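The structure appears below as structure tokens.
It should be emphasised that the depicted structure is a prediction, and the values quoted were computed from it without experimental measurement.
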Amino acid sequence: MKRIFAVATADTKGEELAFLSDAIAKAGAPVVTVDVGTRQPSISTDISAGEVAAFHPDGGEAVLGTNDRGTAVAAMGIAFARFLKSHDDIAGVIGLGGGGGTSIITTGMRELPVGLPKIMVSTLASGDVSPYVDISDIVMMPSVTDMTGVNRLSRTILHNAAQAIAGMAMHPAPAVAGLPSIGLTMFGVTTDCVTQIVSQLRGRYDCMAFHATGTGGRTMEKLVDSGMLQGVIDITTTEVCDLLLGGVLPATPDRFGAIERTKVPWVGSAGALDMVNFWAPATVPERFRGRQFYEHNPNVTLMRTTADECRQIGRWIAERLNRCEGEICFLIPERGVSALDMEGGAFFDPQADAALFEAIETTLKQSPSRRCVRLPFHINDPKFAQAAASAFVEITGD
């Protein structure tokens, strides 16, 4: 039987954890309490901190055998993530905590599949929660007051949280049958292309577009790794520019890693490889002063990539695609890679584009399953979108 895992540091949040667990049980959901504290607990729990700590790669002593709180908290987060991944009986996870507890619990939550209910009641939930949520679907719920025992307000907050996780766990979203799901990457300057591809493939696939802002690409690849996407049309690979050149919307070095690991069919292109993203003009690093810029809006500044940078970017992408053993097709839009990179556009630079295309072509190790195709179209030309859709259908055999 699947159960809700209610988690807290029982050394400092024992009273709150007991109240939360009781409220979940009264809501009719099976619940198990888990201690992720690093000191002596104030209540007994179903799963002790020692049991969780034992999942650390270096054993429980790496977590509970240190007097340094920061070290212990980081180590417990690693152990808790491995603990959760070892269980197949989780209906949902709800945590409560301050700074340390939030860090530990969300470290584990981020490793769980998208769609599995996750609620974190936290003293930090009204601030910048991106370090805790990252690319997961954790619901951050403000505790409003700090947690020093249950009071009139915290009873209401914890009751509401209990009802929320119980409802999610007891009434899961129905499984959706039908079309296979695919991921597509999109940016404002490639929207026309991706929109046209989606319109052509909607009858064959459940199309999910991801905004290529660093987190978008990582989210898409996490879904590929989890088996939720059966293929990718990676038109907009611009996050690589920010990774290599210091922009603010970077990919990680693992970009395309999920494609390598899963061997899902992949059609990609050079969308927005003509630009690096920065925030307002004043934030652009001094080393780039004097370069060619375009003010996308008052808060976003785009910098045109040079021919040398394009060679670096092209080689990096092709080298990673060389590791992929599934069906791969890279499409080169010879007349421009973004809405700004077209004749008369702010970033029109045929020499830089030529350097990019040559680097991709010469570095990519082509084979019957790994191809590079030049197309005499702009990336937002309907004919390019048609070619991309057709290429994907071809390599999937649908």
Side-chain angles (χ1 to χ4, degrees), residues 110-111 114 130-131 133-136 181-190 193-194 197 208-278 302-303 305 309-333 337-338 356-357 359-365 369-372 379 388 392 395:
R110 289 194 299 272
E111 296 299 316
V114 171
S130 57
V133 176
D134 196 38
I135 58 172
S136 72
S181 296
I182 62 172
L184 305 93
T185 49
M186 185 168 75
F187 223 34
V189 292
T190 61
C193 175
V194 177
I197 293 172
M208 302 184 193
F210 296 86
H211 200 189
T213 56
T215 54
R218 288 195 293 126
T219 302
M220 181 184 72
E221 292 210 29
K222 180 175 181 177
L223 296 179
V224 171
D225 273 328
S226 69
M228 295 183 69
L229 296 177
Q230 286 73 60
V232 170
I233 303 181
D234 206 351
I235 293 299
T236 315
T237 46
T238 185
E239 295 160 324
V240 174
C241 300
D242 285 32
L243 170 65
L244 299 182
L245 302 176
V248 297
L249 304 177
T252 70
D254 191 46
R255 187 69 165 89
F256 312 113
I259 311 305
E260 176 187 356
R261 289 185 289 273
T262 63
K263 302 180 183 179
V264 298
W266 183 93
V267 170
S269 189
L273 293 183
D274 57 331
M275 60 187 64
V276 181
N277 293 267
F278 298 104
L302 309 178
M303 181 179 74
T305 47
E309 290 166 347
C310 284
R311 289 188 190 93
Q312 179 188 5
I313 292 162
R315 285 193 295 265
W316 195 95
I317 291 173
E319 286 169 356
R320 275 142 187 85
L321 293 179
N322 285 339
R323 304 173 185 174
C324 301
E325 297 180 358
E327 292 286 339
I328 299 293
C329 181
F330 194 98
L331 303 178
I332 291 178
V337 301
S338 82
L356 172 68
F357 302 155
I360 293 169
E361 269 190 324
T362 57
T363 307
L364 192 69
K365 296 177 181 177
S369 63
R370 187 187 300 117
R371 297 180 295 130
C372 183
I379 199 165
F392 188 77
I395 68 173

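- Here the CE-CE distance, from Met303 to Met275, works out to 11.5 Å after rounding to the nearest 0.5 Å.
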Ile233 and Ile197: CA distance, side-chain angles, deciding distance, side-chain contact (heavy atoms from CB on, under 4.5 Å) verdict: CA-CA 9 Å; Ile233 303 181; Ile197 293 172; 3.9 Å; yes
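- No donor-acceptor pair under 3.5 Å is formed between the side chain of Glu309 and the backbone N or O of Leu245.
- Judged by distance alone, the side chain of Gln230 and the main-chain N or O of Ile182 form no donor-acceptor pair under 3.5 Å.
- Atoms CG and CG, on Asp274 and Leu302 in that order, are 8.5 Å from each other to the nearest 0.5 Å.
- In this structure a side-chain-to-backbone donor-acceptor pair under 3.5 Å is missing from Glu361 to Cys372.
- Nearest heavy-atom pair across Ser136 and Val133 is OG-O, 2.7 Å.
- Here the shortest heavy-atom pairing between Val276 and Gly247 reads CG1-CA, 3.6 Å.
- In this structure, CD1 on Ile317 lies 8.0 Å from CG on Leu244, to the nearest 0.5 angstrom.
- Across all their heavy atoms, Val267 and Ala388 have their closest contact at CG1-O, 4.2 Å.
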Worked verdict on Phe330 versus Arg371 for side-chain contact (heavy atoms from CB on, under 4.5 Å): CA-CA 6 Å; Phe330 194 98; Arg371 297 180 295 130; over 6 Å; no
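- Residues Ser181 and Met228 form no side-chain contact, since every pair of their non-hydrogen atoms from C-beta on lies 4.5 Å or further apart.
- The main-chain N or O of Leu249 is never found under 3.5 Å from a side-chain atom of Thr213 such that the two would form a donor-acceptor pair.
- Of the inter-residue distances, the one linking Leu223 atom CG with Thr262 atom OG1 reads 11.5 Å to the nearest 0.5 angstrom.
- Ring planes of Trp266 and Phe256: perpendicular class, angle over 60° (limits at 30 and 60°).
- Between Leu243 and Trp316, some side-chain heavy-atom pair lies under the 4.5 Å cut-off.
- Between Leu356 and Ala270, the shortest heavy-atom contact is CD2-CB, 4.0 Å.
- Paired with Asp254 under the rule salt bridge (charged side-chain N to carboxylate O under 4.0 Å, His left out), one option of Arg218, Lys222, Arg261 passes, and it is Arg261.
- Side-chain contact between Glu319 and Thr363 is present, with heavy atoms from C-beta onward closer than 4.5 Å.
- Residues Ile328 and Ile259 are in side-chain contact: their nearest non-hydrogen atoms beyond the backbone lie under 4.5 Å apart.
- How far SG of Cys193 is from CD1 of Ile235: 4.5 Å, rounded to the nearest 0.5 Å.
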Verdict with reasoning, Arg255 to Asp234, per salt bridge (charged side-chain N to carboxylate O under 4.0 Å, His left out): CA-CA 11 Å; Arg255 187 69 165 89; Asp234 206 351; 2.9 Å; yes
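- A donor-acceptor pair is defined here as one N or O able to donate and one able to accept, closer than 3.5 Å; no such pair exists between the side chain of Arg370 and the backbone of Leu364.
- The two atoms that bring Phe187 and Ala272 nearest to each other are CD2-CB, 4.0 Å, heavy atoms only.
- Side-chain contact between Thr237 and Thr185 is absent, with no heavy-atom pair separated by less than 4.5 Å.
- Rounding to the nearest 0.5 Å places CZ of Arg311 at 12.5 Å from CD1 of Ile360.
- Looking at heavy atoms from C-beta onward, Leu273 lies out of side-chain contact with Cys310 at the 4.5 angstrom threshold.
- No donor-acceptor pair under 3.5 Å is formed between the side chain of Glu325 and the backbone N or O of Asn322.
- A 4.5 Å side-chain heavy-atom check between Val337 and Phe357 finds at least one atom pair inside the cut-off.
- In this structure, Val232 and Leu184 have side chains that are not in contact, with every pair of non-hydrogen atoms separated by 4.5 Å or more.
- Nearest heavy-atom pair, Met186 versus Ala209, reported as atom, atom and distance to 0.1 Å: CE-CB, 4.4 Å.
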